[in-house]
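Residue numbering restarts at 1 for every chain, and letters A, B, ... go by the order of the sequence lines.
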There are 2 protein chains.
Amino acid sequence: MTKQSPPKPPKPRTAGRPSGGGGLTKQRIAEEALAQIDEFGLGAFSMREVAARLDVYPATVHWHVSTREALLAEVAALVMAEVPPPPGKLVWKDWIAELFRRCRATVRRHPNVAQLLGAQLVSNGSLPMELVEGILATLADAGFEDEALLEAYNCVVAAMLGFLTMEFSPLPADNTQAWAEELRERVHTIRPLDHPVLTRNLAQLANKAFILRWDNGTTVPLDSSFERHIQITIDGLEAFARRIRVR
Amino acid sequence: MTKQSPPKPPKPRTAGRPSGGGGLTKQRIAEEALAQIDEFGLGAFSMREVAARLDVYPATVHWHVSTREALLAEVAALVMAEVPPPPGKLVWKDWIAELFRRCRATVRRHPNVAQLLGAQLVSNGSLPMELVEGILATLADAGFEDEALLEAYNCVVAAMLGFLTMEFSPLPADNTQAWAEELRERVHTIRPLDHPVLTRNLAQLANKAFILRWDNGTTVPLDSSFERHIQITIDGLEAFARRIRVR
DNA sequence: ACCTGAACACCGTTCAAGT
DNA sequence: ACCTGAACACCGTTCAAGT
């Protein structure tokens, strides 16, 4: 697109350790990769592109990162490291709710990495240990221990990352417009006799309910649904805690 | 791997519409793609590979499917179409719980497509409309309407697909072994002073808690966590229903 | 309408060679 | 230790040409 300088002046660079303030690091590479993904989406990400941005040969990137997958995991970790842990003094319900909100705020700033969070085991390891400990400590405070602690923890993580992964799942890369129009058409021509409840609530659901939408969370945020999701999760956890106490 | 017949006998095939029982269809292509993914993982999926399996030129596949992304969406739809809708006579709590379980059973049969379900908006449209209507009808039965219906629905879908996406998220493609060993090492050498709760419950959490595991749901299924996730979601929904009734 | 055959512009990764 | 330069074996997609 912006490549219109054909008499490309040959940049003579030398091999070996850089003399200037160069100092390419894994961190630096991940930052550049994140920038690329933020700007143009995951589809525009490639080792070669990142190398080009850093004005370096592809092999150089590989010297630092080993593999494309590893770099993406690094990027995911970079994003999740931005999540500020909620203050420790909150009661457990508020702490969990705050975590959900802060996590979403961070993902909102990097929506294109959302699909990396839940969907790959490598980048599942991206949540900072500090947050993991925070969740566990909070749930322990709420009265969960042993297997109940494990279950409550998994529920919290799945509910949080799962929702965000879906809310910000990317649109088709190619002809977004045509695709959106087609889905919108399909949703609005659903046969009322086969799908009465859907039809009756179409105005409420169209483009705001999962599976029935053609824009993602970047364009059409699911604010109220997310807040409700928090409440439902916490109410469910409380019921769980009650069941334990009763026993 | 199994390619050791170099004097490949040239298969002379003719262009044009196939005479025999050929009849390549989008459906047929998606089935072959699914088979490939089931066997060797999403990493081994490519248009060319699918074409080879069908004994056809890559361009032929493109004539039927338009794009790689579209084919993957088709594959996701194929899988989710396998989910048998729960019987309609169940009370709403049981219906939702059954849906969760049936959905999981299906994804368990095709774990490698899990990462497609939640993470791409194209394949978000994969859930059959019949199930969507089922969820809506069930929730309407439970007393949710208008915006509450939207919120409850989004919560159900996110909770269900979100958990499954994470439980079956794929391992790194390359040197799985080394990666697993490294993560296991990292988890077991967490500093006790910084992460007391984590350390205290390490035996309970290691390789069974999200972020702290190196095997996915195929090897180490999160059965009890999933059942608890169902209960928590339903209890939360019930609390939500109560809040509405009170108002 | 459906397919072949070939081509284009990309990939990730490896490896010898430089400094 | 860190990088160049080139190569290898793949990709997805397009397009004219066949039948």
Regarding B:H195 and A:E130, is there a side-chain donor-to-acceptor distance under 3.5 Å anywhere?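 No - no donor-acceptor pair under 3.5 Å links their side chains.
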Closest listed nucleotide, where the reference is the side chain of B:R68 and the choices are C:dC11, D:dG5, D:dG12: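 Within the option list, the nearest is D:dG12.
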Using 30° and 60° as the class limits, which term best fits the ring planes of A:W214 and A:H188: parallel, tilted or perpendicular?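 Ring orientation of A:W214 relative to A:H188: tilted.
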Atom [atom1] of [X] and atom [atom2] of [N]: how far apart are they, to the nearest Å?
X     : N      : atom1 : atom2 : answer
B:W63 : D:dT19 : CH2   : P     : 18 Å
A:L72 : C:dG12 : CG    : P     : 10 Å
A:L24 : D:dC3  : CG    : C1'   : 10 Å
B:M47 : C:dC10 : CE    : P     : 19 Å
A:Y57 : C:dA16 : OH    : C1'   : 15 Å

Which nucleotides of DNA chain D pair, in dot-bracket form (Watson-Crick or G-U under 3.5 Å, | meaning another strand): ||.|||||...|||||.||
What residues form a ring-ring contact (aromatic ring centres under 6.0 Å, His included) with A:F100, not counting sequence neighbours?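 Scan of A:F100 (ring-ring contact (aromatic ring centres under 6.0 Å, His included), adjacent residues dropped) gives none.
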Categorize B:S46 for me: base, sugar-phosphate, or nothing, with a 4.0 angstrom heavy-atom threshold over every strand shown.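 B:S46: backbone/sugar contact only, no base atoms under 4.0 Å.
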Phosphate oxygens OP1/OP2 of D:dT13: is one of them under 4.0 Å from a side-chain N or O of B:T67?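 Yes, within the criterion.
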Check the phosphate of D:dC15 against B:H62, side-chain N and O only, distance under 4.0 Å to OP1 or OP2. Yes or no?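 No, B:H62 has no side-chain N/O under 4.0 Å of OP1/OP2 on D:dC15.
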Strictly below 4.0 Å, N to O, side chains only: are [X] and [Y] in salt-bridge contact?
X      : Y      : answer
B:R101 : B:D223 : no
A:R28  : A:E32  : yes
B:E181 : B:R186 : no

